[in-house]
Structures are given as structure tokens and as C-alpha cells.
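Scroll down for the structure; my scribbles are underneath it.
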Amino acid sequence: MEKAREVAMDNNFGKVLTVVANKQTKGRGTQGRGWMSPHGNLFMTIGFNLSTVPIPLTLTPLRIGCIIATAIERILQSEGSTSKIYLKWPNDVLIGDGKVSGVLIEIEGGVMLVGIGCNVAMAPAVAKEGPDNGRDSTCLTAHIPTSDAHNPMHWRDTLVRNIVALTQEWLDSSSDSAERVVQEFQQRMSFSVQKMRKDRLSAVSGDDSMSTMVDVLPLRLNLDGTLQVLHVASNTERTLAAEYLW
């Protein structure tokens, strides 16, 4: 993302700025979490001017999640895979129960930078404790049933082309809306019980355990992009705006 930031500051790019790296040495995830960066996986940043975004900026993470899910789905369907793709709010992409892609969004001047990591060739081990703990991972080639699964760089490059093309199509469209984004995201959204840090859920009652995690059940998306959840222990609804679930 740092190289993309340099280019964005010059503001010398077309509709979509695209930077792809073969490896990362300082990968970052949401809320400062580490992002494993083994060779053969996808590490890319796309950028575009805020003035070209056709929806409220708070909904952009949801739209980006939909774009990545569609880009991956096109590959799987082309190879006859029946694996199911889900979205985990606000923009993680899952294949089955495993996380395959994550997104980090930052704004530099008038440019939105979208860092995208996708496990193409390898599914890194995920810590079960500590600041980088999270959901088990999977990789794209594990869900490609043909011999072409052994050519991860081909699928990485195909995924890049799909993401860039879908992003350009989205930015050129004048028909996107909050209702459409929420509907499309919710059609793919995982509604399974998920975990979040207890200290991120204020004024929680009914959970006196020593655990640092709490269980929440996603209920629905709101039109502003926030997520309505049920805190399982207290059976109360909460609205989440910028949390990390797994």
C-alpha cells in the first residue's frame, strides 16, 4: 500500500490505480493486525478518486467486498467448483468457513486506497490467541478441482484482472445505491455466530465470564453500512460501526 500511496500523492493515474506486489514485508490488516504474506498469494492495492465513488463512502467497504467475492466466484465457476462464497461484515471474503481475502481501506488526500490480500496458493496458519487471532484461513486453489490449481500465478493474475475490471465497471455506473449495496452484500453475508472482543462491546450485561471474547449473531445490515447484531449472552441488540468479527 505504501507504493500506491506514493503514486496517489502524485495523482497521476487513470480511473483505477493498480499496484501488485509479489511479496510484502510489512503486511497490515484491520486494526493493526498482521497479515501473512507468503509468495504465491495476492497482495494488491487499488486506488480511485473519492469524487468518482457513486455511493456514500461509509458503504464502500461493503461494495468492495461484493466486488472481490464476484471476482473470486467467476474463477471458481469457470473451473466447475461448487464451493460457496460468503461475505463477513464489513468486507472479508470466505470460501466455506475459511477466510480467503481481507481488505484494508485508507484515504490519502482525495484518493481512496484499497489494500487487498487474497490467499491464492497458500492458506497461512492463523493464531488462536493474542492480537492476531482470528478465523481459520483457506486458499483459492484449494477449491479449484482441476489440474490448473497447480498454477497459482495464473489465478492470481486472473483475479487481479477481474477485480480491476469490476471496480472500473462500478465507478462508471450511475445506478449504484445504498439499497442495492446492502441487498447484494446481505445475499452473501454469513449469519453464523461470530466472535468479537468484549472490550469493543460497551455496556455489555449478562456476560460475567473471564473470556476476552463475546459471541454475537449478525441480524441485518442497516442502510448506512452498520451491522445490527444480537449479543448472545445478554440477548440484546447492538449496532456495530467499525468492529472486527471472526
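For reference, positions follow the sequence shown, starting with 1.
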Task: Full working for side-chain contact (heavy atoms from CB on, under 4.5 Å) between Leu62 and Ile55 - done: CA-CA 11 Å; Leu62 305 183; Ile55 55 175; over 6 Å; no

Open item on the list: Under the criterion side-chain contact (heavy atoms from CB on, under 4.5 Å), I'd like the reasoning laid out for Glu73 against Arg188: C-alpha separation, chi angles, the key distance, then a yes or no.
Closed with: CA-CA 11 Å; Glu73 185 176 63; Arg188 295 183 185 270; 2.9 Å; yes

Open item on the list: Applying side-chain contact (heavy atoms from CB on, under 4.5 Å) to Thr138 and Asn119, what does each step give before you reach the verdict?
Closed with: CA-CA 7 Å; Thr138 187; Asn119 301 329; over 6 Å; no

- [ ] Test Ile46 against Gln168 for side-chain contact (heavy atoms from CB on, under 4.5 Å), laying out the working first.
- [x] CA-CA 11 Å; Ile46 57 175; Gln168 290 177 329; over 6 Å; no

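Using a 4.5 Å heavy-atom cutoff, the side chains of Arg156 and Asn22 are in contact. The shortest distance between side-chain heavy atoms of His231 and Val229 does not fall below 4.5 Å. By the 4.5 Å heavy-atom criterion applied to side chains, Asn91 and Ile105 are counted as neighbours. Side-chain contact between Leu227 and Leu221 is present, with heavy atoms from C-beta onward closer than 4.5 Å. For the pair Ile68/Cys118, no side-chain contact is recorded, criterion being any heavy-atom separation below 4.5 Å from C-beta on. Between Trp170 and Val16, every side-chain heavy-atom pair lies at or beyond the 4.5 Å cut-off. Looking at heavy atoms from C-beta onward, Lys84 lies out of side-chain contact with His143 at the 4.5 angstrom threshold. Between Lys15 and Asp172 there is a side-chain heavy-atom pair separated by less than 4.5 Å.
The backbone N or O of Ile144 lies less than 3.5 Å from no partner atom in the side chain of Ser81, so there is not a single donor-acceptor pair. Between the side chain of Ser137 and the backbone N or O of Pro124 there is at least one donor-acceptor pair closer than 3.5 Å.
Applying the side-chain contact (heavy atoms from CB on, under 4.5 Å) rule to Ser51 yields the partners Asn49; only residues at least two apart in sequence or on another chain are considered. Residues satisfying the side-chain contact (heavy atoms from CB on, under 4.5 Å) criterion with Ser173, sequence neighbours excluded, are Ser175.
Linking Ile, Leu, Val, Met, Phe, Trp and Tyr whenever their side-chain heavy atoms come within less than 4.5 Å leaves Met153 and Met44 in two separate clusters.
In this structure, the separation between CZ on Arg63 and CG on Leu171 is 11.0 Å, given to the nearest 0.5 Å. Distance check, rounded to the nearest 0.5 Å: CG of Leu17 to OG1 of Thr45 gives 8.0 Å. Annotation: the span from Gln183 atom CD to Leu223 atom CG amounts to 11.0 Å, rounded to 0.5 Å. How far CD1 of Ile116 is from CG of Leu159: 8.0 Å, rounded to the nearest 0.5 Å. Thr70 OG1 to Ile163 CD1: the interatomic distance, rounded to the nearest 0.5 Å, is 10.5 Å. One distance of note links CZ of Phe185 with NZ of Lys88; it measures 9.0 Å at 0.5 Å rounding.
When all heavy atoms of Leu59 and Asp224 are compared, the closest pair comes out as CD2-C, 3.7 Å. Considering all non-hydrogen atoms of both residues, Ile72 and Ser101 come closest at CD1-CB, 4.5 Å. Residues Val100 and Leu140 come closest through the heavy atom pair CG2-N, 3.9 Å. Shown here for Ala71 and Leu166, the closest heavy-atom pair between the two residues is N-CD1, 3.7 Å. A pairwise comparison of heavy atoms in Trp89 and Gly225 identifies NE1-O, 2.9 Å as the closest pair. Contact detail for Gly40 and Pro152: the closest heavy-atom pair is O-CB, 4.3 Å.
Within a 6.0 Å radius of CG in Asn222, other residues, nucleotides and ligands contribute more than 12 heavy atoms.
Between the side chains of Arg161 and Thr158, at least one donor-acceptor pair of N or O atoms lies under 3.5 Å.
At a threshold of 4.0 Å, the pair Lys195-Asp215 counts as salt-bridged, since one of the basic side-chain nitrogens sits closer than that to a carboxylate oxygen.
Tyr86 shares a hydrophobic cluster with Leu94; the chain of contacts runs through ILVMFWY side chains whose heavy atoms sit under 4.5 Å apart.
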